[in-house]
Asks: 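Please find one structure pasted underneath; my questions will follow.
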Amino acid sequence: MKPFICGNWKMHKTVEEALSLVKELLVILPHTVYEKVDVAVAPSFTNLYPVYQVISGTPVALSAQNVYFEKEGAFTGEVSVDMLKSAGCSYCIVGHSERRRIFGETDEWVNLKVRALKDAGLIPILCVGETLEERESGKTLEVIERQLNSALEGVDIRGADELVVAYEPVWAIGTGKVATPSQAQEVHAFIRQILEGLYKDLAKDIRLLYGGSVKPDNVSGLVKERDIDGALVGGASLKAQDFAAIVINTLEVV
Ligand code: 13P
């Protein structure tokens with residue numbers, strides 16, 4: 001399967017900084033990488049369209065970090081799927097643990113967002129992951145199963161490329177504590193199994209990304225695993241050199 005590397009810039013970068021980051025990335029990444037690895041960046045809302053104007057016509061895709069599920073209306077501060085589409089997005093991250101934990105997003109909301117994105121033809125990058133406490137009390141798989149089943153309730157897909165799932169253990173995000181390849185693979189295999197229950201034959205080709213302290217020096221160990229099809233990169237995606245090194249190191253093992 002062609003791996004996918006997406007940089008989640010979170011709440012970083014002004015317009016100027018975002019433009020210089022993406023321009024630098026385009027210069028550093030050799031054109032041949034895109035034949036073997038799909039690449040996307042996920043800037044903040046204010047940077048989506050400016051970044052799109054730079055990457056439009058290149059193989060780098062644009063992702064949003066969040067969306068609201070209503071079509072339009074009096075929802076001050078929110079952004080709709082059609083707005084994301086018109087700003088050039090093809091992907092949108094949904095259910096990131098920072099949204100669940102800091103902004104109180106529920107499984108039900110995550111499901112509504114996934115549905116709204118699917119209806120608009122945008123590809124959700126659905127994030128799931130357990131906290132340290134949940135892992136230590138042996139609840140990892142139970143949490144993952146609940147998050148997946150509720151986020152994907154009533155969601156049909158016709159092709160494996162209509163959905164991306166990211167496993168992001170909360171204890172590995174921004175902590176420098178990356179999951180070992182075998183820890184991640186165990187959960188990824190379980191995610192694949194749940195997706196098989198939902199989407200039958202399509203499941204084997206749905207891309208499953210790992211996220212949580214991915215760096216140039218640990219990405220190859222992760223993507224070598226059978227069910228790890230790429231990475232959702234936070235901190236290391238903020239420096240063009242590091243992000244490019246992650247893409248290149250991925251390419252070397254596929
Ligand atoms: P870090 O790579 O900074 O740990 O963040 C991971 C993440 O949350 C990506 O969505």
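Just so you know, ligand 1 is whichever comes first in the structure, and atom 1 is the first atom listed for that ligand.
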Asks: Could you tell me whether ligand 1 has any atom less than 4.0 Å away from a heavy atom of Ser213?
Replies: yes

Asks: Could you tell me if the ring centre of Trp9 sits under 6.0 Å from that of Phe243?
Replies: no

Asks: Can you find a pair of side-chain heavy atoms, one from Ser220 and one from Val253, that are under 4.5 Å apart?
Replies: yes

Asks: If you count the atoms of ligand 1 from 1 in the order shown, which ones are under 4.0 Å from a heavy atom of Gly235?
Replies: 1 (P), 2 (O), 3 (O)

Asks: Considering only heavy atoms of Gly174, which atoms of ligand 1 have at least one such atom less than 4.0 Å away?
Replies: 1 (P), 3 (O), 4 (O)

Asks: Return the option from Lys10, Lys215, Gln65 holding the heavy atom at the smallest distance from atom 5 (O) of ligand 1.
Replies: Lys10

Asks: Run the numbers for me: atoms of ligand 1, each under 4.0 Å from some heavy atom of Asn8, listed by number.
Replies: 9 (C), 10 (O)

Asks: Using a 4.0 Å cut-off to any heavy atom of Glu168, which atoms of ligand 1 qualify?
Replies: 6 (C), 7 (C), 8 (O), 9 (C), 10 (O)

Asks: Does Tyr91 have its ring centroid less than 6.0 Å away from the ring centroid of Phe4?
Replies: yes

Asks: Which one holds for Ala172 and ligand 1: side chain close, backbone close, both close, or neither close, with close meaning a heavy atom under 4.0 Å?
Replies: backbone

Asks: Does Ser56 reach the main-chain N or O of Gln53 with its side chain, forming a donor-acceptor pair under 3.5 Å?
Replies: no

Asks: Step through the shown structure and confirm whether more than 12 heavy atoms of other residues, nucleotides or ligands are within 6.0 Å of CD on Glu17.
Replies: yes

Asks: Quick one: which ligand 1 atoms are inside 4.0 Å of a heavy atom on Gly212?
Replies: 4 (O), 6 (C)

Asks: Can you list every pair that meets side chain to side chain donor-acceptor pair (under 3.5 Å) and has a residue in residues 156-169, with sequence neighbours left out?
Replies: His96-Glu168, Lys118-Glu162, Glu130-Tyr167, Arg135-Tyr167

Asks: Answer yes or no: does an N/O atom from Gly234 fall short of 3.5 Å to an N/O atom of ligand 1?
Replies: yes

Asks: Using a strict 4.0 Å cut-off to heavy atoms of Leu232, name the atoms of ligand 1 that fall inside it.
Replies: 9 (C), 10 (O)

Asks: Could you pull out all residues at least two apart from Arg146 that satisfy side chain to side chain donor-acceptor pair (under 3.5 Å)?
Replies: Asp107

